[in-house]
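What follows is a set of notes on a single structure, which appears directly below.
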Amino acid sequence: DAIAGPSPSGNAFSTVTGKNRSATSETGEPVYETPSSFSSNTVWWKWTADRTATMQVNTIGSTTPTGYSLDTLLWVYTGSAVNALTEVAFDDDTGGNMNSLATFNAVAGTTYYFRVGGYNNASGTINLSLGLDRNPGDKFVDALEVEPNFLFESYNSGPLTRESGEPLHAAVTDQSRSLWFKFTATAETAGPVVFSTMGSQNTVAAVYTGSAVDALTEVASNNDYSGRVQAEVSWNAVAGTTYYIAIAHAFVDGTPYPHVCTFQRRTNDSFAGATALNGDTASVTSHNFGATKESGEPSHARNSGGRSVWFNWTPATSGTFRISTIGSNMRIFNVGATYKEMDTLLGVYTGSAVNALTAVASNNDYGYPMRGNYDRSGINSVLFVDATAGTTYRIAVDGYNGTDMTGGDWGQIRLDIAPQSRPAGDNFAGAEVVTSDRMPFLRTTDLNNVGATTEAGEPTHAGNASRSKNTLWFLFTAP
């Protein structure tokens with residue numbers, strides 16, 4: 001809490017933790033007060049430099065008591081007394097998520113004081129990290145080595161910069177805070193791959209080959225993929241080739257929004273490459289990043305879609321089965337970890353060719369009763385089929401093609417298959433018989449229509465087609 005007794009921050013590669021709750025400002029301490037903010041709950045650390053180098057100090061990972069990112073202020077000083085300090089560096093939000101990050105040129109043998117306070121006296125747990133100012137992924141030579149096996153990973157863009165000789169990715173003039181990845185394709189990872197920045201702010205992306213940042217050959221690039229401000233690039237990776245993937249903010253701005261990235265192989269995009277599912281139950285996680293719609297492919301659930309993936313399912317027994325995409329999600333730009341429900345289309349078919357299929361069942365939005373814990377509730381898909389043992393059913397999952405995108409929604413897909421008993425009275429022919437002595441029961445007891453369907457030829461009830469589904473039938477003969 002006082003400059004005379006700060007906690008030691010160790011050597012040049014240390015991270016320490018402290019709290020500023022109930023901390024105070026001491027007499028003579030430099031004042032930070034602006035028309036919109038102030039900070040008096042400051043805490044101190046000190047470090048005597050063991051080298052002459054450009055250093056980075058940050059508060060990344062600092063949190064409030066409720067787990068949110070702590071809005072910090074960070075100063076670096078030299079001097080011998082709290083009222084006789086020289087400011088070396090200051091930062092507010094460069095660390096991302098309201099955390100702070102500052103760089104300074106350290107001189108071996110000099111003692112540096114780090115002061116951390118809360119913006120508008122915010123308090124919580126402070127993580128203070130000190131290290132050399134060289135950030136993995138910031139420079140071409142420091143590219144992060146990756147494999148196509150992650151979804152929605154978040155990278156802090158606060159420390160990132162563009163370097164001399166770096167190309168303008170996707171030919172966008174205004175760019176900042178670029179991040180580099182390196183991928184060497186093997187026999188196992190070669191083939192169609194896709195890299196997406198869904199979940200990021202306005203970004204560009206590009207893929208290159210080459211050995212120096214100013215001598216690269218572009219393989220693919222993108223800006224504003226499918227009508228959104230994020231980027232997505234797909235290419236056919238060749239075994240033994242090293243690819244460099246760059247992403248950057250498509251604007252010049254002081255705000256360090258996180259880079260959210262997905263890198264995946266494209267495996268079941270085509271009807272012929274469908275993922276095989278066998279047995280009466282199945283649960284699989286997939287995605288439709290980079291997926292396309294094939295020539296002759298039907299429109300699933302009467303929507304044009306555009307990013308379908310395929311599964312072949314063969315049940316072991318005959319019966320009614322529930323097929324669901326509940327849990328499929330995506331990310332729209334958000335600095336937190338909020339996921340959004342993906343708007344899916346679901347179709348089930350039989351047949352041996354994509355242009356010669358017989359429809360069995362389809363569904364777009366199953367509806368609000370199955371909303372789950374997502375912000376765009378009710379837009380996953382659920383349907384029920386009467387399946388025959390040994391028959392192979394072709395299941396397509398696509399993204400809804402609406403007015404806010406081109407080519408269909410895309411994200412992480414979850415597909416679940418399980419046996420399901422339909423409720424009594426689901427079909428007109430099987431209407432549940434109601435007698436006069438049961439009427440009080442019907443008036444006072446909730447009836448469950450989970451698993452109920454709408455039959456072919458069934459009328460629109462009460463004139464509302466969008467809500468005339470999941471119906472139950474009852475047969476009552478007046479006494």
Side-chain angles (χ1 to χ4, degrees), residues 60-61 95-97 135-140 142-163 166-167 169-170 172 175-185 189 192-208 213 216 218-226 228-235 237 242-251 253 255-267 285-291 307 328-340 342 399 405 409-413:
I60 293 171
N97 289 343
N135 305 293
D138 184 20
K139 308 298 183 185
F140 176 83
D142 296 325
L144 297 168
E145 295 195 25
V146 293
E147 297 290 331
N149 59 6
F150 58 85
L151 279 157
F152 303 135
E153 286 197 358
S154 184
Y155 298 84
N156 174 34
S157 71
L160 302 178
T161 59
R162 281 180 52 83
E163 58 187 307
E166 182 174 338
H169 312 301
V172 174
Q175 298 187 13
S176 62
R177 303 187 187 278
S178 59
L179 177 65
W180 288 90
F181 299 89
K182 180 181 179 181
F183 164 56
T184 301
T189 58
V193 292
V194 57
F195 195 99
S196 171
T197 65
M198 173 185 277
S200 301
Q201 234 309 359
N202 193 357
T203 47
V204 293
V207 183
Y208 303 94
V213 72
L216 298 173
E218 182 180 295
V219 176
S221 66
N222 179 250
N223 177 38
D224 294 345
Y225 181 72
S226 191
R228 291 181 178 157
V229 297
Q230 294 82 29
E232 183 171 298
V233 284
S234 298
W235 75 100
T242 296
Y243 299 92
Y244 290 90
I245 308 161
I247 64 173
H249 289 330
F251 51 86
D253 189 295
T255 305
Y257 296 109
H259 287 314
V260 180
C261 305
T262 291
F263 188 30
Q264 288 284 320
R265 298 183 67 196
R266 294 166 52 194
T267 55
T285 299
S286 184
H287 69 92
N288 68 336
F289 288 95
R307 307 190 203 286
S328 299
N329 61 73
M330 57 179 290
R331 285 196 65 169
I332 301 175
F333 166 65
N334 191 294
V335 295
T338 302
Y339 289 85
K340 309 292 183 180
M342 177 183 166
M405 68 201 77
D409 215 346
W410 73 102
Q412 184 179 28
I413 291 171

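Note that the structure is predicted; figures quoted are calculated from it, not measured.
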Carefully, step by step, assess I247 and T203 under the rule side chain to side chain contact (heavy atoms under 4.5 Å, CB included). CA-CA 7 Å; I247 64 173; T203 47; 5.5 Å; no
Locate the shortest heavy-atom distance separating [X] from [Y]; write the atom from each residue and the value.
X	Y	answer
S234	R266	CB-NH1, 3.6 Å
K139	W180	C-CD1, 3.9 Å
S157	H249	OG-NE2, 3.4 Å
G411	M330	CA-CB, 4.3 Å
A170	N222	CB-O, 3.6 Å
L179	L144	CD1-CD1, 4.3 Å

Heavy-atom distance under 4.5 Å between the side chains of [X] and [Y], does that happen here?
X	Y	value
V207	F195	no
E147	F183	yes
P148	R265	yes
E166	F140	no
F289	F263	no

Which is it for Y257 and S200 under the side chain to side chain contact (heavy atoms under 4.5 Å, CB included) test, yes or no, and what are the steps along the way? CA-CA 7 Å; Y257 296 109; S200 301; over 6 Å; no
Is the distance between the ring centroids of H287 and F152 less than 6.0 Å? no
Tell me if a side-chain donor or acceptor on [X] pairs with a main-chain N or O of [Y] at a distance below 3.5 Å.
X	Y	value
T197	A231	yes
R162	P167	yes
Q412	N329	no
N288	R307	yes

Would you call the rings of F150 and F181 parallel, tilted or perpendicular if under 30° counts as parallel and over 60° as perpendicular? tilted
Polar contact flag, side-chain donor to acceptor under 3.5 angstrom, S226-E232: no
Report the distance from atom CG of D138 to atom OG of S178, rounding to the nearest 0.5 Å. 6.5 Å
Please evaluate residues E153 and H259 with respect to the criterion side chain to side chain contact (heavy atoms under 4.5 Å, CB included), reporting the C-alpha separation (whole Å), side-chain torsions for both, the decisive distance (0.1 Å), and the verdict. CA-CA 8 Å; E153 286 197 358; H259 287 314; over 6 Å; no
Show, in sequence, the C-alpha distance, side-chain angles and deciding distance for W410 and S196, and conclude whether the side chain to side chain contact (heavy atoms under 4.5 Å, CB included) test is met. CA-CA 11 Å; W410 73 102; S196 171; 4.1 Å; yes
